[in-house]
Amino acid sequence: MTTTWARHGRIGGPIVMIGFGSIGKGTLPLIERHFEYDKSRFVVIDPSDKDRHLLDERGIRFVKAALTRDNYREILAPLLTAGGGQGFCVNLSVDTSSVDIMELARQNGALYIDTVNEPWAGFYFDASKGPGARTNYVLREETLSVRARSPGGPTAVSCCGANPGMVSWFVKQALLDLARDLAIAAGEPATQQDWARLMQRVGVKGIHIAERDTQRASSEKPMQVFVNTWSVEGFVSEGMQPAELGWGTHERWLPERAGRQGKDSLAIYLNQPGANTRVRSWCPTPGPQYGFLVTHNESISIPDFFTVREGDRVAYRPTCHYAYHPCNEAVLSLHEMFGQGGRVQERHHILTEDEIVDGIDELGVLLYGHGRNAYWYGSQLSIEETRRIAPYQNATGLQVTSAVLAGMVWALENPMAGIVEADEIDFRRCLEVQRPYLGPVTGVYTDWTPLEGRPGFFAEDIDTSDPWQFRNVLVR
């Protein structure tokens with residue numbers, strides 16, 4: 001076990017952590033290990049005080065409050081400026097507007113980081129909004145519009161968890177691996193267009209954020225309890241949004257229930273919940289598997305970053321989407337929820353590191369359609385290793401919290417970079433910080449395609465001329 005941890009700098013002002021659920025609790029010990037700071041100016045805000053004993057025993061201030069449109073300025077502004085120095089707002093909450101809190105932090109000179117483009121409560125389940133208005137595309141566009149209005153200034157890292165976040169760094173490393181193995185002279189791309197043109201040269205048609213969570217507990221899921229390895233509220237919210245993906249230039253078929261977004265069709269959404277939409281994908285441990293096409297910010301930001309433009313024309317863009325197989329208890333919880341008409345179970349439970357008996361969270365990126373067919377690159381973090389190296393979290397949580405740590409380090413080292421996405425920051429530095437917490441990080445080639453074993457006993461509407469068409473990936 002590692003006993004000496006790198007110190008990555010000093011936070012000179014107050015630290016304000018919003019949210020003390022599974023990710024907040026896991027981030028706390030990483031901040032303690034890797035930063036110097038004034039503990040008297042560390043404050044945590046959460047509407048629930050069930051875990052405040054972890055803060056009380058450390059002498060960290062706790063504020064029991066739910067931030068809303070009406071009170072967030074009144075509560076946060078004094079905390080972010082108390083005692084001088086550049087503060088750091090670490091937003092790990094649900095039902096709080098990332099954009100509004102980000103703007104407030106920057107107005108008060110503070111650094112900022114979050115793991116998702118979160119809206120105020122009510123957005124996800126607003127029946128007055130059409131499906132296109134409830135997408136991550138819309139939430140991301142709001143953040144980008146703020147950046148356009150106020151460029152530069154204090155650094156705010158948007159959407160920097162495991163995914164979105166870490167997976168964007170994995171894509172860059174996987175792309176360099178592919179270029180090397182295909183004998184394509186790449187060097188180190190210096191600009192966004194350099195990266196995009198390299199992906200075009202390598203011939204990547206698309207990217208799955210391909211994940212399999214095999215962590216399991218000794219007990220079975222009870223009826224009417226939603227069990228997960230991370231925030232139930234977060235998973236249900238994003239799972240009830242429309243299925244959404246970045247739309248590549250190689251695609252020849254558009255699903256009937258799809259809507260386009262962006263002037264050049266950067267993304268599409270399906271008129272159905274992402275957590276009830278299956279896709280065919282692949283991870284090293286299970287091999288071929290079904291995943292859920294849950295919307296995520298990286299499904300839009302990654303293909304946007306790797307778009308090649310020639311004037312006003314999009315010359316190349318990869319398809320990109322999440323393909324998530326959560327832990328078995330979460331799969332059963334989704335079946336139960338959708339089986340009862342989308343009514344969410346009243347009881348929620350996150351499997352803790354003490355309850356889980358074994359398993360890993362295998363989270364990586366599957367770059368497909370190139371000369372080597374498909375290449376998965378990612379983290380295979382086990383619950384056993386997680387217990388050894390970090391408290392208060394399971395393997396899923398540690399992949400997120402260590403990415404938050406990496407984003408915080410980058411922000412502290414680049415304090416006036418303005419609003420940035422994970423795709424735009426130094427992937428090598430971030431992975432350097434994060435690697436001690438990721439378990440085995442590996443790259444694996446596979447010959448599998450979505451056409452494997454098809455058609456079988458029943459006729460299917462597939463495109464045999466190109467295995468990697470979304471037409472073949474989507475389970476219909």
Side-chain angles (χ1 to χ4, degrees), residues 1-8 11 15-35 37 39 42-64 88 90-94 113-116 160-162 165-166 213 215-218 227-235 326-327 329-330 348-361 363 379 381-409 433-439:
M1 176 177 176
T2 302
T3 55
T4 302
W5 300 96
R7 286 283 181 169
H8 293 302
I11 299 173
I15 302 173
V16 181
M17 179 186 289
I18 307 170
F20 201 58
S22 61
I23 303 306
K25 286 188 298 180
T27 301
L28 173 64
L30 302 190
I31 291 176
E32 291 178 316
R33 280 179 184 172
H34 295 287
F35 297 112
Y37 58 91
K39 188 168 66 174
F42 193 157
V43 59
V44 175
I45 306 169
D46 195 279
S48 170
D49 61 1
K50 70 182 182 68
D51 292 309
R52 71 169 296 170
H53 66 279
L54 297 175
L55 303 169
D56 291 341
E57 64 193 31
R58 289 168 163 82
I60 294 174
R61 181 182 172 191
F62 176 76
V63 175
K64 185 179 180 181
F88 211 133
V90 184
N91 187 1
L92 307 174
S93 61
V94 296
I113 193 168
D114 59 39
T115 61
V116 63
C160 189
M166 172 188 74
D213 186 349
Q215 294 172 103
R216 64 187 184 94
S218 56
V227 179
N228 199 17
T229 53
W230 58 285
S231 170
V232 173
E233 292 87 351
F235 188 27
C327 71
E329 287 88 345
H348 300 166
H349 182 68
I350 298 174
L351 295 176
T352 68
E353 66 275 19
D354 298 320
E355 294 175 272
I356 297 172
V357 295
D358 57 26
I360 68 174
D361 200 319
L363 171 56
S379 163
L381 180 62
S382 71
I383 184 61
E384 292 83 6
E385 182 160 1
T386 300
R387 290 193 190 103
R388 287 196 300 270
I389 59 179
Y392 315 142
Q393 57 204 308
N394 57 41
T396 307
L398 186 53
Q399 288 169 333
V400 177
T401 60
S402 57
V404 173
L405 169 67
M408 290 181 68
V409 171
V433 171
Q434 195 181 9
R435 280 293 292 266
Y437 295 108
L438 293 180

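If you read the sequence from its start, that first residue is 1, and numbering goes on from there.
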Worksheet item: Side-chain contact, heavy-atom cut-off 4.5 Å: Phe35 with Met408?
Response: yes
Worksheet item: Can you check side chain to side chain donor-acceptor pair (under 3.5 Å) on Asn394 and Thr229, steps first, answer last?
Response: CA-CA 7 Å; Asn394 57 41; Thr229 53; 4.9 Å; no
Worksheet entry | Option passing side-chain contact (heavy atoms from CB on, under 4.5 Å) with Leu28 (candidates Ile60, Val44, Thr401) | Ile60
Worksheet item: With a 4.5 Å limit on heavy-atom distance, are the side chains of Ile23 and Ser231 in contact?
Response: no
Worksheet item: Hey, does Val16 have a side-chain heavy atom less than 4.5 Å from the side chain of Val43?
Response: yes
Worksheet, complete the sentence: OG1 of Thr352 to CD of Gln393, rounded to nearest 0.5 Å, is 12.0 Å
Worksheet, complete the sentence: Interatomic distance, CZ@Arg33 vs OG1@Thr4, rounded to 0.5 Å, equals 11.0 Å
Worksheet, complete the sentence: Of all heavy-atom pairs linking Val63 and Arg61, the shortest is CG2-NE, 3.9 Å
Fill in: Any donor-acceptor N/O pair, Arg387 side chain to Glu353 backbone, under 3.5 Å
yes
Worksheet entry | Closest contact, heavy atoms only, Phe20 versus Asp46 | N-OD2, 2.7 Å
Fill in: Donor-acceptor pair, side chain of Glu385 and main chain of Ser382, under 3.5 angstrom
no
Practice prompt. Starting at CD of Glu355, measure out to CD of Glu329 and round the result to the nearest 0.5 Å.
Written response: 9.5 Å
Worksheet item: Can you check whether Leu30's main-chain N or O pairs, donor with acceptor, with Glu32's side chain at less than 3.5 Å?
Response: no
Worksheet item: To the nearest 0.5 Å, what is the distance between CZ (Arg52) and CG (Leu54)?
Response: 11.5 Å
Worksheet item: His8 vs His34 aromatic rings, parallel, tilted or perpendicular, using cut-offs 30° and 60°?
Response: parallel
Item to complete: Provide the closest heavy-atom pair for Gly161 versus Ala403 in the form atom of the first, atom of the second, distance.
Response: O-CB, 3.0 Å
Worksheet item: Looking only at heavy atoms, what is the nearest atom pair of Ser22 and Trp230, with distance?
Response: OG-CA, 4.2 Å
Discussion item. Once rounded to the nearest 0.5 Å, what's the spacing between atom SG of Cys160 and atom CE of Met166?
Written reply: 10.5 Å
Worksheet item: Looking at Ala217 and Leu351, what are the two nearest heavy atoms and their distance?
Response: CB-CD2, 3.9 Å
Worksheet item: If you measure from OG on Ser402 to CD1 on Ile389, what distance do you get to the nearest 0.5 Å?
Response: 8.0 Å
Worksheet item: What are the two closest non-hydrogen atoms of Val433 and Ala406, and how far apart are they?
Response: CG1-CA, 3.8 Å
Worksheet item: Got more than 12 heavy atoms from elsewhere within 6.0 Å of CZ, Arg216?
Response: no
Worksheet item: If only atom types and distance count, is the side chain of Gln399 paired as donor or acceptor with the main-chain N or O of Asp361 below 3.5 Å?
Response: yes
